[in-house]
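Quick notes on the structure that follows.
Numbers restart at 1 for each chain; the letters A, B, ... are given by sequence-line order, proteins then strands.
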2 protein chains.
Amino acid sequence: MPQRRVTIKQVAAEAGVSITTVSHVLNDVPGKRVHPDTRKRVKMAATRLGYVPNGLAQSLRTQRSNTIGLVGDEIATTPFAGKLILGAQDVALSRDAIVFVVSTGYQRDVENREIEELLRRQVDGILYASMYHRTVELPPQLASVPTVLINASCTTPNVPWVVPDEVAGGEDAADVLLAAGHRRLAFINDVDEIPAAFGREEGFRRRAAKAGLRADDLQVVTAETDPAGGYAAARRLLEDTTRPTAIFCFNDRLAMGVYRAATELGLRIPEDLSIVGFDNQEFVADGIFPGLTTIELPHYDMGVWATEQLFDRIDAASQGTGPAPTARLRGPVIHRDSVAPPS
Amino acid sequence: MPQRRVTIKQVAAEAGVSITTVSHVLNDVPGKRVHPDTRKRVKMAATRLGYVPNGLAQSLRTQRSNTIGLVGDEIATTPFAGKLILGAQDVALSRDAIVFVVSTGYQRDVENREIEELLRRQVDGILYASMYHRTVELPPQLASVPTVLINASCTTPNVPWVVPDEVAGGEDAADVLLAAGHRRLAFINDVDEIPAAFGREEGFRRRAAKAGLRADDLQVVTAETDPAGGYAAARRLLEDTTRPTAIFCFNDRLAMGVYRAATELGLRIPEDLSIVGFDNQEFVADGIFPGLTTIELPHYDMGVWATEQLFDRIDAASQGTGPAPTARLRGPVIHRDSVAPPS
DNA sequence: TTGTATGCGTTATCAG
DNA sequence: CTGATAACGCATACAA
């Protein structure tokens with residue numbers, strides 16, 4: 001605790017009024033009318049003394065901490081966490097709240113411990129975030145406090161969640177390629193059976209079909225979502241006699257491997273092969289050559305949406321809360337230089 | 001605030017004792033001996049009711065919030081922030097504390113606002129972190145609360161700080177190359193005049209000199225620290241008649257450009273050109289081909305060191321605090337496949 | 001060994 | 001318009 005801070009009592013003394021009055025003017029209590037002169041006196045005294053209200057005492061009294069918790073599964077290894085946190089923080093700050101950030105490392109026991117610690121500090125609500133889109137089971141302790149999920153859905157009724165619109169992402173990727181004139185496409189999907197894999201494939205296929213592509217004009221293969229996986233898959237795809245003229249990659253890391261495969265095979269990007277990625281991991285998408293056209297994941301926006309929802313539910317906690325809203329947010333496509341008409 | 005929580009008073013009623021006794025047993029107060037039976041009764045009552053102490057009330061009473069703030073300049077755009085936060089969180093949690101994370105976006109006004117918000121909530125101390133090694137001027141408001149700097153130094157007396165050991169990093173990079181047998185080296189340094197640039201160059205030069213390299217066996221050039229900058233610098237370096245057989249890059253992003261330049265010039269890595277990076281940005285160092293040997297920045301460790309220092313100072317706040325310790329932490333070299341003996 | 005009473009810094013209720 | 005005073009939930013000096 002910082003060294004002895006100045007309290008409302010001292011301000012009252014300095015201004016020659018009661019603490020009640022100080023509280024009134026400093027909080028601008030609606031019904032209370034206080035003489036302009038005393039009001040000014042109080043304010044001056046407060047600034048002169050450098051008064052800062054003790055938030056702990058306020059919270060104890062008002063039963064509201066203006067504090068929320070953000071529990072994430074991993075915060076260190078992905079670049080997404082930062083944007084998500086920032087989104088949450090930006091709206092929190094706009095409501096004079098701040099956010100506790102904790103990372104569980106996928107360990108149930110530390111998760112429990114951390115949630116306990118948050119609850120104990122009377123957080124007004126909790127953001128429960130996943131670093132990759134999935135469905136989760138909500139820790140039971142969260143039942144007692146307003147909660148909203150980020151980048152994850154769950155079956156627990158009445159808890160709001162927000163996830164990326166994977167289908168739209170797949171559609172957008174297809175559109176970019178189709179618009180450039182490609183008619184022989186491939187999609188290197190994640191081997192894992194996760195929402196992102198299903199959704200993106202669905203959207204991609206849908207658009208391809210709509211554009212009149214025949215079944216064998218669209219190959220879908222799976223791979224590990226790292227450069228090695230992308231490389232292997234791309235080698236297979238590109239050595240084929242009727243190779244695709246464009247590849248949509250499940251993510252940017254995988255796309256790095258595709259770049260390498262293309263280079264080794266003497267295929268120029270984008271002249272001989274167009275590529276679209278997913279994630280917009282800045283340092284990779286922007287760092288490889290040529291720059292990778294990709295679909296961005298709306299992490300910041302999800303953070304914002306979720307936090308707004310959270311505050312809505314906190315504020316509405318007194319009244320009955322309605323059914324939980326959910327959202328699928330579309331990420332923008334980031335155009336760089338990896339897409340061109342087929343030659 | 002979560003719905004009406006159970007208080008110590010209810011536990012007392014349930015157990016048929018006074019709140020004092022409850023407090024005593026739940027906190028294991030040293031001097032107080034309480035009958036084993038009542039002790040058991042109280043504990044049972046507590047768990048039966050699902051009692052969780054109200055941290056706000058505790059803090060108000062004990063004048064200690066078990067809460068620290070981490071203010072960083074940018075949390076969203078760099079992958080380093082996560083590790084730093086994690087380091088801080090890990091030690092905080094081991095002391096039953098949790099951490100508020102705020103990001104300022106380099107804007108003084110939001111920084112002030114956020115610090116105010118932290119102080120108002122009575123954080124026990126503040127971690128002030130920079131995302132790149134630099135010297136900062138400490139916001140004056142932080143004078144009133146224990147503070148330690150991460151990845152930054154300052155001239156304010158008596159505030160501890162921790163930064164990467166840049167000189168050691170430069171030395172390590174040189175050692176890796178020298179050990180592989182290289183005798184014609186280049187260092188593409190940051191154009192910006194920052195501690196990292198000075199330190200790494202100093203270390204690199206020192207080792208080179210020690211190994212007996214002549215002045216013109218070691219070229220040092222500067223560039224923007226992105227792929228484009230690295231590319232341009234490398235082109236110049238490598239088109240020279242007496243090109244270096246190994247290049248040390250100020251960071252991994254820049255190294256990406258060097259990779260491209262080498263590829264364009266038909267130089268194989270590592271056979272024709274060895275490369276060492278800096279930062280160990282996972283997705284790039286591990287994603288490019290061949291994997292980049294690089295020096296890791298000790299973000300997690302800095303987070304840990306700083307947080308431990310912070311708690312030390314918080315605990316010692318009652319007594320006089322000694323002079324502020326400072327540290328330069330060495331990051332490990334991560335060996336991958338971009339270094340080989342010169343051919 | 002256990003209980004009573006006070007205060008941590010605020011807000012809010014009620015009289016003046 | 002202003003001021004006592006009682007909570008908020010807990011820890012603790014002191015009394016029993």
Side-chain angles (χ1 to χ4, degrees), chain A residues 1-43 45-46 49-67 96 119-122 124, chain B residues 1-43 45-46 49-67 96 119-122 124:
Chain A
M1 205 71 88
Q3 42 249 57
R4 205 118 238 76
R5 302 274 290 283
V6 4
T7 78
I8 201 178
K9 201 176 295 184
Q10 301 176 41
V11 176
E14 177 83 6
V17 298
S18 77
I19 64 169
T20 306
T21 303
V22 175
S23 178
H24 283 346
V25 351
L26 260 32
N27 293 352
D28 268 329
V29 259
K32 303 294 181 182
R33 292 214 53 74
V34 26
H35 194 88
D37 287 358
T38 45
R39 179 178 296 272
K40 182 164 293 180
R41 272 219 319 290
V42 169
K43 284 196 168 161
L49 265 40
Y51 171 70
V52 174
N54 182 322
L56 263 31
Q58 291 181 310
S59 298
L60 184 58
R61 183 59 237 245
T62 61
Q63 301 291 61
R64 168 125 183 196
S65 65
N66 284 311
T67 270
D96 293 313
L119 258 24
R120 172 196 179 80
R121 278 171 182 79
Q122 316 295 115
D124 293 331
Chain B
M1 206 71 93
Q3 43 249 57
R4 205 115 240 79
R5 302 275 289 283
V6 5
T7 78
I8 199 177
K9 200 178 296 185
Q10 301 176 41
V11 177
E14 176 84 5
V17 298
S18 77
I19 65 167
T20 306
T21 304
V22 174
S23 178
H24 283 347
V25 351
L26 260 32
N27 294 350
D28 270 328
V29 240
K32 301 295 181 182
R33 294 215 52 76
V34 26
H35 194 89
D37 288 357
T38 46
R39 177 179 297 272
K40 181 165 293 179
R41 272 222 315 291
V42 170
K43 284 195 168 160
L49 266 40
Y51 172 70
V52 174
N54 183 323
L56 263 32
Q58 290 180 311
S59 298
L60 183 58
R61 181 58 236 250
T62 61
Q63 300 292 61
R64 165 124 184 199
S65 65
N66 284 310
T67 270
D96 293 313
L119 258 24
R120 170 197 180 79
R121 280 176 181 73
Q122 315 294 116
D124 292 330

[N], OP1 or OP2 - any side-chain N/O from [X] closer than 4.0 Å?
X       : N       : answer
T21(A)  : dG3(D)  : yes
T62(B)  : dA11(D) : no
Q122(B) : dG9(C)  : no
Q58(B)  : dA11(D) : yes
N27(B)  : dA11(D) : yes

By side-chain contact (heavy atoms from CB on, under 4.5 Å), which residues pair with I19(B), not counting sequence neighbours?
-> I8(B), K9(B), A12(B)

Taking side-chain contact (heavy atoms from CB on, under 4.5 Å) as the test, write out the residues that go with K43(A), two or more places apart.
-> V25(A)

Residue pairs fulfilling salt bridge (charged side-chain N to carboxylate O under 4.0 Å, His left out) with at least one residue in residues 14-28 of chain A, sequence neighbours excluded =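 Every pair satisfying salt bridge (charged side-chain N to carboxylate O under 4.0 Å, His left out) with a residue in residues 14-28 of chain A: E14(A)-R48(A), D28(A)-R39(A).
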
Rounded to the nearest angstrom, tell me the gap between atom [atom1] in [X] and atom [atom2] in [N].
X      : N       : atom1 : atom2 : result
Q10(A) : dC8(C)  : CD    : P     : 11 Å
N66(A) : dT11(C) : CG    : C1'   : 14 Å
Q63(B) : dC10(D) : CD    : C1'   : 13 Å
K9(A)  : dG3(D)  : NZ    : P     : 15 Å
L56(B) : dA7(D)  : CG    : C1'   : 15 Å
L60(A) : dG7(C)  : CG    : P     : 17 Å
H35(A) : dG3(D)  : NE2   : P     : 13 Å
R64(B) : dT12(D) : CZ    : C1'   : 18 Å

Protein N or O to nucleotides 13-15 of chain D N or O, pairs below 3.5 Å:
residue	atom	partner	partner atom	Å
dC14(D)	N4	K32(B)	NZ	3.3

NA contact type, [X], heavy-atom cut-off 4.0 Å: base, sugar-phosphate, or nothing?
X      : value
V52(A) : sugar-phosphate
T7(A)  : sugar-phosphate
V17(B) : sugar-phosphate

Let me see the working for Y51(B) and L26(B) under side-chain contact (heavy atoms from CB on, under 4.5 Å), right down to the final yes or no.
-> CA-CA 10 Å; Y51(B) 172 70; L26(B) 260 32; 3.6 Å; yes

Under a 4.5 Å cut-off applied to non-hydrogen side-chain atoms, are [X] and [Y] in contact?
X       : Y      : result
R120(A) : Q58(B) : yes
S65(A)  : L56(B) : yes
R121(B) : N66(A) : yes

Rounding to the nearest 10°, end axes of the helix from dT1(C)-dA16(D) to dG16(C)-dC1(D) built from five pairs each make an angle of 50°

Closest nucleotide among dG9(C), dC10(D), dG3(D) to the A57(B) side chain | dC10(D)

Residue I8(A), side-chain heavy atoms: nucleotide from dA11(D), dT11(C), dG3(C) that is nearest =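 Comparing dA11(D), dT11(C), dG3(C) against the side chain of I8(A), the answer is dT11(C).
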
Partners meeting side-chain hydrogen bond (donor to acceptor under 3.5 Å, both in side chains) with R41(A) (sequence neighbours left out) = none

For N27(A), check side-chain hydrogen bond (donor to acceptor under 3.5 Å, both in side chains) against everything at least two apart and list the hits.
-> none

Residue whose closest nucleotide on DNA chain D lies nearer the 5' end, R39(A) versus I19(A) | R39(A)

N54(A)/R5(A) under side-chain contact (heavy atoms from CB on, under 4.5 Å): CA gap, chis, key distance, verdict = CA-CA 9 Å; N54(A) 182 322; R5(A) 302 274 290 283; over 6 Å; no

Do R61(A) side-chain and dA7(D) base share a donor-acceptor contact under 3.5 Å?
->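 Counting by modelled atom types and ignoring angles, a donor-acceptor contact under 3.5 Å is found here.
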
